[in-house]
2 protein chains.
Amino acid sequence: MVILTPVSDATFDRSRCSVAGTLAVVGEKWSLLVLREAFLGVRRFADLQQALGAPKAVLTDRLATLVREGVLSREPYRAEGERQRHEYRLTEKGRDLYPTLVALMAWGDRWLADGPPPLVLEHRDCGAAVRVALVCDDGHEVGGPREVRARAAGAGAERA
Amino acid sequence: MVILTPVSDATFDRSRCSVAGTLAVVGEKWSLLVLREAFLGVRRFADLQQALGAPKAVLTDRLATLVREGVLSREPYRAEGERQRHEYRLTEKGRDLYPTLVALMAWGDRWLADGPPPLVLEHRDCGAAVRVALVCDDGHEVGGPREVRARAAGAGAERA
DNA sequence: GAGCGAGGTTCGGCAAGCGAACCCAGCATG
DNA sequence: CATGCTGGGTTCGCTTGCCGAACCTCGCTC
C-alpha cells in the first residue's frame, strides 16, 4: 500500500532543496533556540547566554552566523550611564521563521508532554490560542501529507 | 520600542520547552532530511543513503534514534525472489511533523531562492498550492509574531 | 587608577561527523 | 559446491564541532 505518491520517482534536485537550505542557515545546534529567545524578546548576549546555558564561544559563533545570514541584526544601543553595547534583533527574514518555531513547539506540546504546555500562544486581538495550520490557496484546510501531492518543478525537473 | 511583549520577564521553564524537546528528537544533523525523504516516499536504507549522501554510520544512527522515538517504524517486507528486508515508515507521530517540514521549506523558498522552488506542494483535491498559516482558534489568520502574546502557563509559572 | 561587568576570545579535551574499507546473510549463477 | 552480487549495515582513523573554564578588553564608575 503506497500512502504517499512519490515525487515522480522521487526525482528532484536535492541540492537545491529548500529544507536543506534552511537547515544550513538555522540547523546548527542552538540556532533555533536562539531564535526562540529572540521571539520572546531576549536581545542581549548575556541574557541569551543565561537563558540557554550554551557555551559563550558557541553562542558567539551562532549569533555571528545568524547576523551574516540576515536573520538577526546587530544594533548598537546605550542605556544611560553605560557604555555603548549591542543587541540582536530579528529582521523580517528572521521574523518569518516564526511559523517554523511554532510548528516545532506544537509538535513537542503534543508528543512530548508530561504536563500542560509550558508556553501558550494567544492571539493578541481575541485571546484565542494560536496554532499552525496547513491550508491551500483555495481556502481548504489540509489534513496532512496524504492530502498533498509534491511536484518537482524547478529547473532540471523536466528532463525526460 | 519594544516590539514583542516579553513572556512575563521571559520567565518560563526552559527545561520543559517544547521547541528544545522537539529538537532533541529531530534536531541532529540529517534527521529532518531523513524525514523529508520519508514524506517523499523513500523508505529503504540504500535509497535514503543515495538521496542524502550521508555517511552510512550516521544514517544508521539517525534511523535508530527516529525509530526509538517512535517517529519512524522499522518494518520487514520481502520483494519476490529476494530475502527479507526492512523499510522505514512514518508513524502518526512522524507524519505530524509535516507542518514543520513545510514551514522550513517555505522559508527556504522565500529567502534562499535562486530560481523557482524545486518542489511545490499542491492540494490533492483541488490542485491549489499548499502552505502553512498561523491561525487562531477563532478562525482569524495571524499575521506574525507581533500579533501573538506568549504566556507562561506550565507548572512553576505562577510563582510570585 | 582600581574595580567591575558586558561581551567576547582562547585553550585543551571529548564527542560527533566524515569517507573508505570491511563484513555478512542470502539469493543467483556456474 | 564455490563464487559473486547486493542491501544493510559496522569498524576505523581523521577532522570538525561542542564543551567548560580561564582569560582578555573596553568603557564606565568610584
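In the text below, chain A, chain B and the rest are named by the order of the sequence lines, each starting its count at 1. The basis for the numbers below is simple: all heavy atoms, side chains too, and nothing from hydrogens, waters or symmetry mates.
- Looking at the side chain of A/R85, the nearest of the listed nucleotides C/dG7, C/dT10, D/dG8 is C/dG7.
- Pairing each heavy atom of A/T91 with each of A/G70, the nearest pair is OG1-O, 2.6 Å.
- Remark: P of D/dC26 and CZ of A/F45 are 17 Å apart, rounded to the nearest angstrom.
- Looking at heavy atoms from C-beta onward, B/L72 lies in side-chain contact with B/L35 at the 4.5 angstrom threshold.
- Each of C/dG7, D/dG9, D/dC18 was ranked by its minimum atom distance to the side chain of B/T60; first place goes to D/dG9.
- Minimum atom distance to the side chain of A/V58 is reached by D/dC18, of the listed D/dC18, C/dC18, C/dG8.
- Spacing between atom CG of B/L52 and atom C1' of C/dG17 amounts to 14 Å, rounded to whole angstrom units.
- For the pair A/Y88 and C/dG8, the criterion of a side-chain N or O lying under 4.0 Å from OP1 or OP2 is met.
- No salt bridge links B/E75 with B/R43; every basic N to acidic carboxylate O contact stays at or beyond 4.0 Å.
- Spacing between atom CZ of B/R44 and atom C1' of D/dG9 amounts to 15 Å, rounded to whole angstrom units.
- Nucleotide D/dT10 holds its P atom 13 Å from the CD atom of B/Q49, rounded to whole Å.
- We find that CG of A/D61 is positioned 18 Å from P of C/dG7, with the value rounded to whole Å.
- Contact check, A/K29 against C/dA16: no side-chain N or O comes under 4.0 Å of OP1 or OP2.
- We find that CD of B/E28 is positioned 16 Å from P of D/dG17, with the value rounded to whole Å.
- With hydrogens and angles ignored, a donor-acceptor pair closer than 3.5 Å exists between the side chain of A/K56 and the base of C/dG8.
- When rounded to the nearest whole Å, the span between CG of A/L59 and P of C/dT9 equals 11 Å.
- Look at NE2 on A/H86: it is 12 Å from C1' on D/dG27, rounded to the nearest Å.
- In the set C/dG7, D/dC19, C/dC18, D/dC19 carries the atom at the smallest distance from any side-chain atom of A/P55.
- A salt bridge between A/R131 and A/E141 is present, with a side-chain N of the basic residue lying under 4.0 Å from a carboxylate O of the acidic one.
- Contact annotation for B/A46: backbone-only contact, meaning every heavy-atom pair under 4.0 Å involves sugar-phosphate atoms and none involves a base.
- Of all heavy-atom pairs spanning A/R14 and B/V42, the tightest one is NH2-CG2, 4.2 Å.
- Note on A/R74: a side-chain N or O is less than 4.0 Å away from OP1 or OP2 of C/dG8.
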